[in-house]
There are 4 protein chains.
Amino acid sequence: MTSHQPRKSAQQGRAKATMAAIVEAAARLLETQGGARLTTNHVAELAGVSIGTLYQYYPNKEAVIAAVLRREKAALLAGFEDIIARGLGPKSTIDALIDATLAHQYTRPRLALALEYIEPELGLLVEDHARDRRLVALVAQVVIEVAPDADARAAQDLVAICRAITNTAAMSGETDPTAIAPRLHRAVSGYLGLHA
Amino acid sequence: MTSHQPRKSAQQGRAKATMAAIVEAAARLLETQGGARLTTNHVAELAGVSIGTLYQYYPNKEAVIAAVLRREKAALLAGFEDIIARGLGPKSTIDALIDATLAHQYTRPRLALALEYIEPELGLLVEDHARDRRLVALVAQVVIEVAPDADARAAQDLVAICRAITNTAAMSGETDPTAIAPRLHRAVSGYLGLHA
Amino acid sequence: MTSHQPRKSAQQGRAKATMAAIVEAAARLLETQGGARLTTNHVAELAGVSIGTLYQYYPNKEAVIAAVLRREKAALLAGFEDIIARGLGPKSTIDALIDATLAHQYTRPRLALALEYIEPELGLLVEDHARDRRLVALVAQVVIEVAPDADARAAQDLVAICRAITNTAAMSGETDPTAIAPRLHRAVSGYLGLHA
Amino acid sequence: MTSHQPRKSAQQGRAKATMAAIVEAAARLLETQGGARLTTNHVAELAGVSIGTLYQYYPNKEAVIAAVLRREKAALLAGFEDIIARGLGPKSTIDALIDATLAHQYTRPRLALALEYIEPELGLLVEDHARDRRLVALVAQVVIEVAPDADARAAQDLVAICRAITNTAAMSGETDPTAIAPRLHRAVSGYLGLHA
DNA sequence: AATGAATGAGCGTTCATTCAT
DNA sequence: CATGAATGAACGCTCATTCAT
C-alpha cells in the first residue's frame with residue numbers, strides 16, 4: 001500500500017520551495033488539461049525540476065495530486081476557521097461561510113472542478129478524511145444554533161448543495177459569482193427552514 | 001472524425017446481445033474501479049467477448065463509456081416523461097420527480113457517481129447535450145407552475161442539489177434511501193420557497 | 001509455408017466473376033491507398049462480397065495481391081508476345097516493346113508503381129519468376145539480333161532501365177508519356193550502341 | 001503535427017550511441033525483413049534498448065526509418081560532393097559518380113533496395129526532398145558540361161538507371177560489382193550520346 | 001457456397017517509475 | 001541532492017483469419 005504523503009518534511013527552505021513549485025505546476029496542469037492528461041514528466045518540467053527530483057519529494061503521482069488537493073482544502077478550512085473565530089451571530093456566520101465557499105471555488109474554478117472529479121479516484125488518507133469531517137463539523141456547529149432540530153446530516157447536505165450549485169454553474173459557463181450567491185443563500189435558508 | 005456513436009446497428013439478435021453485454025460490463029467496471037482504471041481489454045473480458053468484437057461495435061473506448069451514459073440517462077429521462085405524462089398536480093409531480101431521481105441514483109449509486117465524474121471528460125455529441133437540456137426543461141416546466149418567479153437556473157440547481165445530496169449520502173455510506181428522501185423534498189421545497 | 005495460389009480453379013462462371021471482382025477491388029485499393037493500408041476486409045467490401053467469400057477463393061492476403069500482380073504481368077507479357085509474333089524487323093520490334101512497356105505502365109500508373117513496391121516483399125512462386133524470366137528472354141532474343149555481342153545481362157538491364165525511367169517520371173509528377181518515350185528509346189539505343 | 005525528425009539532440013555521448021544503435025538496428029531489420037515486417041519493438045530489442053528508450057529519441061516508427069534513410073542518403077551525397085570538389089574533368093567526374101553510386105548501392109544492397117521501396121510511403125520532410133534535389137542537381141551540373149543539349153530530366157533518368165541496373169543485378173543474385181560497373185558506364189554514356 | 005460475427009496475436013505508443021552518474 | 005537516460009508493463013486499437021449459421 002503506497003502512501004500519498006510527501007517523502008520529506010522539507011525542513012530546508014529550498015526543499016520547501018521545490019515542493020511548492022511541484023504542487024503549483026500540478027495545479028496548473030490540472031487546470032489546463034484535466035486529471036487524465038496530467039503526467040509526472042510534465043509536472044516536473046513545468047516546475048523546472050527534473051523528474052528524479054519530483055520523485056525525491058513525492059513517492060508517486062497520486063501523492064502530487066493529493067498535495068494539491070490538500071493545499072486547496074487546507075485553505076478553505078482555514079477560511080472557515082477564521083470566520084468561526086470572528087464570533088459573528090449564527091446567521092451572519094452562515095452567510096459568511098457560503099460566501100467563502102463560493103469565493104474559494106471561483107478563485108480557480110477549473111482547478112476546483114478538476115479536483116472534485118479526481119478526489120474520489122484518489123484513495124486518500126485518514127487525515128484527509130479527517131479534515132473533511134472537521135469542515136463539516138464546523139458547519140454543523142453553526143447549523144445547530146439556527147436549527148436545533150435539523151437532521152444530523154444537514155451540515156453534510158448543505159456543503160454538498162453549495163458545491164453542487166457552484167460546480168454546475170461553473171460547468172454550464174456561468175462566470176459571474178454574484179449571480180450564484182443568492183441561489184446558494186436561498187438554498188441553504190430554504191433547507192434549514194429559515195425565513196428569508 | 002472520432003464519433004462516440006456505435007459502429008453498427010446490430011441487425012442480428014446475437015449482435016444486439018453482444019453490444020448490451022459490452023455496455024453492462026463497462027458499467028460494472030465503472031462501478032468497481034472508476035473511470036480512470038477502466039480499460040477496453042477488461043471490458044471485453046468481463047463481457048465475455050474478445051477485444052476485436054468490442055471494437056466491431058464501438059469505435060473507441062469513449063464510445064463504450066458514452067453508451068453506458070446514454071443508457072442510464074435515457075432511463076432517467078423516460079421515467080421523468082412518464083411522470084409528466086401522468087398529469088398530476090405540480091406539487092405531486094415534483095415529489096414524484098424527486099423520488100424518481102433518488103430511485104435512479106440509488107439503484108446503482110457508484111455507477112451514477114462514476115458517470116457524473118466521467119461525463120465532462122467525454123466530449124459528448126450534440127444529441128447527448130440535447131437530452132440533458134430536455135431533462136432540465138421538463139423540470140423547469142413544472143417549477144414555473146409552483147414558483148413563477150423562480151430564477152431561470154432553478155431547474156438546473158434543483159437537479160444538481162438532488163444529485164449532490166444523494167451522491168454524498170451514498171459515498172458516506174448511507175444505505176437507506178428512505179432516510180434521504182425527506183432531505184431531498186426539504187431541499188427542493190426550501191429552494192423554491194414553498195411554505196416553511 | 002502458405003501458398004499464394006488461388007484456392008479454386010473457378011470452373012464456374014460465377015466463381016470466375018467473383019474472383020475477378022476481388023482482384024479488381026484489390027487493384028483499386030492498391031492504386032488509391034498503397035499496399036500498406038490495404039486490408040482484406042476493405043477488398044471484400046469493395047468487391048461486394050463478404051470476407052468469408054474472399055477467403056474461399058484466396059488462402060490469404062498475399063494471394064490476393066499476387067493475383068493482381070499476375071494479372072498485370074500476364075497482360076504485359078501477352079503484349080510482348082503479340083509484338084514478337086508480328087515478325088517486324090529487330091529495331092522496329094524493340095521500338096514496339098518499349099512503347100508497349102510505357103503504355104502498360106501508364107495505363108494505371110499508380111497501380112504499376114504500387115505493385116513494383118510490393119513485389120519484393122511478396123515471396124512469389126516459382127511460376128511467377130518463370131514468367132519474369134520469360135519476359136526477359138523474349139527481349140534477349142531480339143537484343144541478340146541487333147547487338148550480337150551484347151552482355152548476357154543486357155536484356156535484364158534494358159527492362160530495368162525502362163521501368164526505372166518510367167517510374168521515376170511517374171513519381172516526380174510527369175503525366176505525359178510522349179515526353180518519356182524518346183528518353184526510353186535513347187537509353188535503349190545508347191545502351192546497345194545503336195546509332196540513333 | 002507528426003514530424004519525422006528526432007526528438008532530442010542527444011547532448012550526451014551515451015544518448016548519441018543509443019540513437020545510432022537504434023538506427024543501425026532498424027537498418028538491419030530493413031535488410032533482413034523489408035519495411036512491412038519491421039516493428040518498433042523488434043528495432044528496440046535488436047538495438048539492445050527498451051521500447052521506451054526508442055520513443056524517447058524518435059517520435060514514431062516512421063521517424064526511425066526516416067533516420068536510416070537520411071543516414072544513407074547523406075553518405076551518398078557526401079561522396080558525390082567529394083568527387084565534385086576534386087575538380088576532375090567532366091568525363092572522369094561522371095565515371096567517379098557512377099562508381100560511387102555502385103559502391104554505395106553494393107555496400108548493403110538489400111538495405112538500399114528496401115529504402116527505395118519504403119521512401120515513397122514515408123511522407124518525408126521538405127529538407128529530405130531538398131537533399132534529393134541537391135543530389136540530382138550535382139549530377140545535372142556535370143551532365144550539362146558533357147551534353148549541353150541533354151534533356152532536362154537527364155540527370156534524374158541517369159540516377160534512376162544506375163540504381164535500377166544495380167538493384168536488379170543485386171536481386172538476381174549477382175555478387176560481383178566489377179561485372180556491373182561496365183554496364184553502368186555503357187548505359188550512361190549511351191544515354192548521353194558520348195561516342196559509341 | 002456465402003455470410004459476417006467473432007477471434008486474438010500483435011502492433012505502435014505512453015508514462016509512472018528507477019537508478020547510474 | 002539533482003539529473004535525465006533508461007525501463008517495461010500496459011494501454012488503445014487493427015486486421016488477417018476462422019467458423020457457426
Side-chain angles (χ1 to χ4, degrees), chain A residues 2 8 12 14-15 18 37-45 48-64, chain B residues 8 10-19 37-45 47-64, chain C residues 2 8 12 14-15 18 37-45 48-64, chain D residues 2 8 10-19 37-45 48-64:
Chain A
T2 50
K8 318 194 170 184
Q12 305 177 3
R14 177 126 92 90
T18 300
R37 277 187 192 75
L38 178 148
T39 75
T40 50
N41 280 286
H42 283 147
V43 171
E45 192 187 1
V49 301
S50 74
I51 181 65
T53 298
L54 185 152
Y55 276 92
Q56 218 136 55
Y57 289 106
Y58 298 95
N60 52 49
K61 182 180 159 178
E62 289 212 332
V64 177
Chain B
K8 306 191 177 183
Q11 293 136 340
Q12 304 191 3
R14 173 143 77 123
K16 231 168 205 159
T18 299
M19 288 183 78
R37 282 193 246 299
L38 177 148
T39 76
T40 49
N41 281 288
H42 286 150
V43 171
E45 192 185 1
V49 301
S50 76
I51 183 63
T53 296
L54 184 151
Y55 278 96
Q56 209 146 78
Y57 293 106
Y58 300 95
N60 50 51
K61 180 179 155 176
E62 291 211 330
V64 177
Chain C
T2 50
K8 319 195 170 182
Q12 303 177 1
R14 177 126 93 91
T18 300
R37 278 187 192 74
L38 178 148
T39 74
T40 49
N41 280 287
H42 282 147
V43 171
E45 191 187 1
V49 301
S50 74
I51 181 66
T53 297
L54 185 153
Y55 276 92
Q56 218 135 55
Y57 289 107
Y58 298 95
N60 52 48
K61 182 180 158 177
E62 290 212 332
V64 177
Chain D
T2 322
K8 304 191 176 185
Q11 292 134 344
Q12 304 190 2
R14 174 143 77 122
K16 230 167 205 158
T18 300
M19 289 184 77
R37 280 192 246 300
L38 178 148
T39 77
T40 50
N41 281 286
H42 285 149
V43 171
E45 192 185 0
V49 301
S50 77
I51 181 64
T53 296
L54 185 152
Y55 277 95
Q56 209 146 78
Y57 294 106
Y58 300 95
N60 51 51
K61 179 180 157 178
E62 291 212 329
V64 177

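Reminder, nothing fancy here: chain letters follow the sequence lines and each chain counts from 1. All of these numbers come straight from a predicted model, not from anything done at the bench. All values below come from the heavy atoms of this structure, side chains included, with hydrogens, waters and symmetry mates left out.
Side-chain atoms of D:Thr53 do not come within 3.5 Å of backbone N or O of D:Val49 as any donor-acceptor pair.
Look at B:Tyr55 and you'll find a side-chain N or O under 4.0 angstrom from OP1 or OP2 of F:dC13. Taking only side-chain nitrogens and oxygens, A:Thr39 never comes nearer than 4.0 Å to OP1 or OP2 of E:dC15. One finds no side-chain N or O of C:Thr40 lying less than 4.0 angstrom from the OP1 or OP2 phosphate oxygen of F:dC15. Checking the phosphate oxygens (OP1, OP2) of E:dT14, no side-chain nitrogen or oxygen of A:Arg37 falls inside 4.0 Å. Note on D:Thr18: every side-chain N or O is 4.0 Å or more away from OP1 and OP2 of F:dA5. B:Tyr57 has a side-chain polar atom (N or O) that falls below the 4.0 Å cut-off from OP1 or OP2 of E:dA6.
Rounded to whole Å, atom C1' of F:dT7 lies 15 Å from atom CD of D:Glu45. In this structure, A:Glu62 places its CD atom 14 Å from C1' of E:dT17, rounding to the nearest Å. If you measure from atom NZ of B:Lys16 to atom P of E:dA6, you get 14 Å, rounded to the nearest angstrom. Spacing between atom NE2 of B:His42 and atom P of F:dA9 amounts to 15 Å, rounded to whole angstrom units. Taking atom CG of D:Asn60 as the reference point, atom C1' of E:dC11 lies 14 Å away to the nearest angstrom. Atom CG in A:Asn41 sits roughly 11 Å away from atom P in E:dT17 (whole-Å rounding).
From C:Ile51, atom CD1 reaches atom CD of C:Gln56 across 11.5 Å, with rounding to the nearest 0.5 Å.
Distances were taken from every side-chain heavy atom of A:Thr53 (C-beta onward) to each of E:dT7, F:dC13, F:dA2; the shortest belongs to F:dA2. For B:Gln56, counting side-chain heavy atoms from C-beta on, the closest listed nucleotide (F:dT7, F:dG8, E:dA5) is E:dA5. For B:Ile51, counting side-chain heavy atoms from C-beta on, the closest listed nucleotide (E:dT3, F:dC13, E:dC15) is F:dC13. The side chain of B:Ser50 sits closest to E:dT7 out of E:dA2, E:dT17, E:dT7.
Within the 4.5 Å cutoff, the side chain of D:Leu38 has heavy atoms near those of the D:Lys61 side chain. Annotation: side chain of D:Thr40 is not in contact with side chain of D:Tyr58 (no heavy-atom distance under 4.5 Å).
Across all strands shown, E:dT18 forms a Watson-Crick or G-U wobble pair, both distances under 3.5 Å, with F:dA5. F:dC13: Watson-Crick or G-U partner is E:dG10, with both key distances under 3.5 Å.
Judged by closest nucleotide on DNA chain E, B:Gly48 is the one of B:Gly48 and A:Gly52 placed further toward the 5' end. The residue among C:Leu38 and D:Leu54 whose nearest nucleotide of DNA chain F is located toward the 5' end is D:Leu54.
When the shell of 6.0 Å around CD of B:Glu62 is examined, it contains more than 12 heavy atoms from other residues, nucleotides or ligands.
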